[in-house]
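As the structure lists them, so they are numbered: ligands from 1, and atoms in each ligand from 1. What you are looking at is a predicted structure, and each value in this text was computed from that prediction instead of being measured.
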Amino acid sequence: MADSRKYAGESPLEKYPEPRSGAPLAIAAYPNSYSTGMSNLGFHFVYSCLAGSGRFRVERRFLDDRPVPVTAGAVFFTVSYEEDLLNLVRMLVSLGIEPMRERRAEGPLVIVGGPVISSNPVPFFPLADVLAAGEGEGTLPLIVEAVADEGSDRSALASRLSTVDGLILPGFSEQTQTAAPVDPELFQNSVILASDTVFPDMLLVEISRGCPGACSFCMATSVYRPFRTMPLERFESILDSTLGAEGAETCRVGLVSTAVAAHPDFTEMMRAVDGRGGSVGLSSLRAIDVDGAIAEAIGRMHIRSISLAPETGSEAMRRKLGKKVSDRAFFNAARLLREAGVSRFTLYMLAGLPGEDRLIFDETERFLKAFVESAGGARVMVNLNVLVPKPRTPLQFMAMPGQKELRASVDSVRVACSEAGIGISVKGGRSSMNQARIALGDEAVGRAAVRFIAGRTSWKRALRDEGVDPDLIHLERGVGEILPWEHVFGDGGRDSLLVRYRAALG
Ligand code: SF4
């Protein structure tokens, strides 16, 4: 294994070449916990690409590692959550690396990719030497080779990488197109099994990318399109090469997708795992994909827990948000899955939707009661998140409700759950505002992160000191201005985004 650092409870699934003698150190870094990072296929891909190149000695680092300064040639971060901007700065400091790019002219390179960069890379401009937007399979190997050849020579790197679609080199080239969609043969799977993760000892396989849906708050279709599915033969070859790998004692396979059951070979995939003596874990299903055959396949694999995402109990609101799934489709899915043996449902819902009023919450209460009835005795639980407007989606223009309105919205869904006799877990609240400030921010937000982590001030004060009004997220934006990410990617079909935004407002 290329990584000289040891973490307990791991089984490598791939062998990598020994690095060349005198090879520089590259860090594959995840700005959150080990457990979250090792559950992230994008992070597995970065590690695999670095180790597979044979051009570096590679170490993984996570936020919860003991802080040890390193002498690395480059650090490659994967950022999946906006608030990990702050953790990225924390990690740079703990690795002994100057976080501000301009003060690091000779030092290690900082390379950052992941969904957050694909959405809005601008807050990372003050920190990163290279930013990778969009799907990384086509761009990361180019970055790895260029960094191995050129070392920390920023100008040489810029002349090799600045015209590659998807790559941004702050200070050299700050406009790009999103990297082209890649062949589904190249979709990711775990390269290390780890016991201390969100999915312990589970082989994760990304069976599709993008989404056939078009919800106006979601990046899945605006950045990762078109919807593509991994061929069944490729899936089977991953099973054959990893389930039987030496030391890899797992029979658990996690199918990763925004819409697992939309894969045309979903039932065959389940059968393929079953035939090899394995069990399956699923990410959330779209209710409209559930029919008798899908439910039966789920039952056959003894899957007892399923997540669905109605977002709201109001069918009219759901449609305005671009989620064209009727209430009846959810009730039907609940009934079919219950009959197939599912005993626990998690419903993902959103608070702070545009135009929420009493009527919406009454409809949500009725929806939940009807769902519970359809679920026929299965345990039902609501997982409530606050809606955060995301760049490059129709809701990028939306004014986020204030703290008071959000609290009222969360409380109303709580009451609806209580009336329906089901539990609720609330995520976000105050942190969703911070998420929005970073998601929708510009370079000043990145500078504020450095100021804040330096420890001399509060986060809000740091934002103000850098000229960011923390309350700007509560105003509609962009109708007469260029948004930060539009400077990088162009307007991304702004006219059609605006049409869909207005439809969401109703
Ligand atoms: S169905 Fe889910 S993943 Fe697909 S666009 Fe809607 S919210 Fe996004």
Side-chain angles (χ1 to χ4, degrees), residues 40-42 80-82 114-116 118-120 134-135 178 181 184 187-188 204 206-230 254-264 266 282-291 294 306-330 332-334 337 345-354 364 367 382-396 398 427-428 432 435-436 439 492-493 496-497 499-501 503-504:
N40 183 290
L41 280 179
S80 304
Y81 308 103
E82 285 81 2
V116 170
S118 305
S119 167
N120 177 17
E135 304 184 20
T178 302
F187 289 172
Q188 303 304 318
L204 301 177
E206 183 186 20
I207 63 164
S208 66
R209 196 174 284 179
C211 181
C215 305
S216 54
F217 51 86
C218 178
M219 270 178 52
T221 41
S222 53
V223 175
Y224 301 102
R225 63 182 174 205
F227 177 60
R228 285 147 291 151
T229 55
M230 176 182 274
L255 307 186
V256 178
S257 161
T258 54
V260 272
H263 195 298
F266 175 74
L282 300 176
S283 47
S284 80
L285 291 179
R286 295 191 317 155
I288 42 171
D289 296 327
V290 179
D291 59 16
I294 298 276
I306 286 290
S307 300
L308 299 167
E311 322 296 357
T312 165
S314 161
E315 184 174 313
M317 168 68 85
R318 207 179 297 129
R319 284 187 183 278
K320 278 198 243 170
L321 291 171
K323 190 160 217 161
K324 298 188 174 82
V325 187
S326 64
D327 288 353
R328 186 194 292 231
F330 285 96
N332 190 42
L337 290 165
F345 290 95
T346 301
L347 299 178
Y348 284 94
M349 303 190 81
L350 291 168
L353 298 169
T364 293
F367 171 86
V382 163
N383 200 320
L384 184 69
N385 284 281
V386 168
L387 173 64
V388 174
K390 293 286 166 112
R392 308 182 72 188
T393 69
L395 292 198
Q396 66 179 4
M398 186 187 113
K427 302 258 163 59
S432 60
Q435 201 187 323
S496 82
L497 292 179
V499 168
R500 290 173 60 200
Y501 168 60

message = Looking only at protein heavy atoms, which one is nearest to atom 8 (Fe) of ligand 1, and what is the separation?
response = Cys218 SG, 2.3 Å
remark   = One finds that the ligand 1 atoms under 4.0 Å from a non-hydrogen atom of Thr258 are 3 (S)
message = Side chains of Thr229 and Ile207, heavy atoms from C-beta outward: is any pair under 4.5 Å?
response = no
Protein contact to atom 2 (Fe) of ligand 1 [nearest heavy atom, distance to 0.1 Å] = Lys323 NZ, 4.1 Å
query = How far is atom 4 (Fe) of ligand 1 from its nearest protein heavy atom, and which residue and atom is that?
reply = Cys211 SG, 2.2 Å
ask   = Can you check whether Pro115 reaches Tyr224 side chain to side chain, under 4.5 Å on heavy atoms?
value = yes
ask   = Applying the side-chain contact (heavy atoms from CB on, under 4.5 Å) test to Arg392, which of Asn120, Leu497, Val223 qualifies?
value = Val223
query = Quick one: are Val388 and Glu82 in side-chain contact, heavy atoms under 4.5 Å?
reply = no
inquiry  = Under 2.8 Å from atom 6 (Fe) of ligand 1 - does any N, O or S atom of Cys215 fall there?
reply    = yes
remark   = For Phe217, the ligand 1 atoms with a heavy-atom partner under 4.0 Å come out as 7 (S)
request  = Could you tell me whether the side chain of Thr364 and the main chain of Thr312 form a donor-acceptor pair under 3.5 Å?
outcome  = no
